[in-house]
Amino acid sequence: DAGVIQSPRHEVTEMGQEVTLRCKPISGHNSLFWYRQTMMRGLELLIYFNNNVPIDDSGMPEDRFSAKMPNASFSTLKIQPSEPRDSAVYFCASSLGGIYYEQYFGPGTRLTVT
Amino acid sequence: AQKVTQAQTEISVVEKEDVTLDCVYETRDTTYYLFWYKQPPSGELVFLIRRNSFDEQNEISGRYSWNFQKSTSSFNFTITASQVVDSAVYFCALSESGNQFYFGTGTSLTVIP
């Protein structure tokens, strides 16, 4: 079975540009999570969805970040405009039922903003 | 205050040694869940175990074992007879009511051949 799929795997962009990260969760999972990992801040939960509805977005750093889940098999995380401090690895994960269940992670997107 | 504390930032052991990774958590909830994840050098996070707050039985899976003690708010992870392939960063995590989820800062384990 396919795991969580993320694209692109690497993204290099210039400051001020819009960046869109994509995620396809495991089929049948009804929860989806977006994380950011940096050396300074570790793993941070940005937002998570249950049944395509955002449940908790308190981790979203600021208004430049937005996430959508238009259907059960697709989600996007958008940064606009991007800044160098957004450089990080962004992970998407999915689970069967919210934060109480084990999460399965995608390979991550390494974002570099110059 | 940290909700999940992994005080050991880095650990190095020689192959075949046993090693214990510590995890201390903080919560006021009676229902909560604890997790361990592994992040090998390839970067992808891998789920290892999930434990709910009502189940304090220790768990063993091959060379891996977990010791959950509510009295000390700890959920420690032991690798027996470590191998080079165990080299990774290991994260402990807590989920509690109110849709709260927290990762610890991770322990980087290096197994020296």
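Throughout, a chain's letter reflects where its sequence line sits, starting with A, and its residues are numbered from 1.
For a residue to count as touching a neighbouring chain, one of its non-hydrogen atoms must lie under 4.5 Å from one of that chain's; by this rule I99(A) touches chain B with backbone and side chain alike.
A distance of 9.0 Å separates CD in Q39(B) from CZ in F105(A), rounded to the nearest 0.5 Å. The distance from atom CD of E44(A) to atom OH of Y102(B), rounded to the nearest 0.5 Å, is 13.5 Å. Atoms OG and CZ, from S95(A) and R50(B) in turn, are 9.5 Å apart once rounded to the nearest 0.5 Å. The line from CG of L45(B) to CD of Q37(A) is 6.0 Å long, rounded to the nearest 0.5 Å.
Close approach to chain B, defined as a heavy atom under 4.5 Å from one of its heavy atoms, is seen in no residue of residues 63-84 of chain A. Contacts between residues 63-97 of chain B and chain A, defined by a heavy-atom separation under 4.5 Å, are made by F91(B), S95(B), E96(B), S97(B).
Counting heavy-atom neighbours within 6.0 Å of I60(B) CD1, excluding the residue itself, gives a total of 12 or less. The environment of E62(A) atom CD is dense: over 12 non-hydrogen atoms of other residues, nucleotides or ligands sit within 6.0 angstrom.
Annotation: ring pair (Phe, Tyr, Trp, His ring centres under 6.0 Å) contacts of Y48(A) (sequence neighbours excluded): F33(A).
A 4.5 Å side-chain heavy-atom check between Y37(B) and Q103(A) finds at least one atom pair inside the cut-off. Using a 4.5 Å heavy-atom threshold, the side chains of T105(B) and L43(A) count as separate. Y35(A) has its side chain within reach of F101(B): a pair of non-hydrogen atoms, C-beta onward, lies under 4.5 Å apart. Side-chain atoms of Q100(B) and D56(A), non-hydrogen and from C-beta on, do get closer than 4.5 Å to each other.
Linking ILVMFWY residues whenever their side-chain heavy atoms come closer than 4.5 Å, directly or via other members, leaves V4(A) and W34(A) in distinct clusters. By the criterion of side-chain heavy atoms lying less than 4.5 angstrom apart, applied directly or through intervening Ile, Leu, Val, Met, Phe, Trp or Tyr residues, F103(B) is not grouped with I47(A); the two fall into different hydrophobic clusters. A continuous path of ILVMFWY side-chain contacts below 4.5 Å connects I55(A) to Y101(A), so both sit in one hydrophobic cluster.
The side-chain hydrogen bond (donor to acceptor under 3.5 Å, both in side chains) pairs that include a residue from residues 4-24 of chain A number zero, where partners must be two or more places apart or lie in different chains.
Annotation: maximal heavy-atom pairing with chain B below 4.5 Å, among G42(A), G59(A), G106(A), occurs at G106(A).
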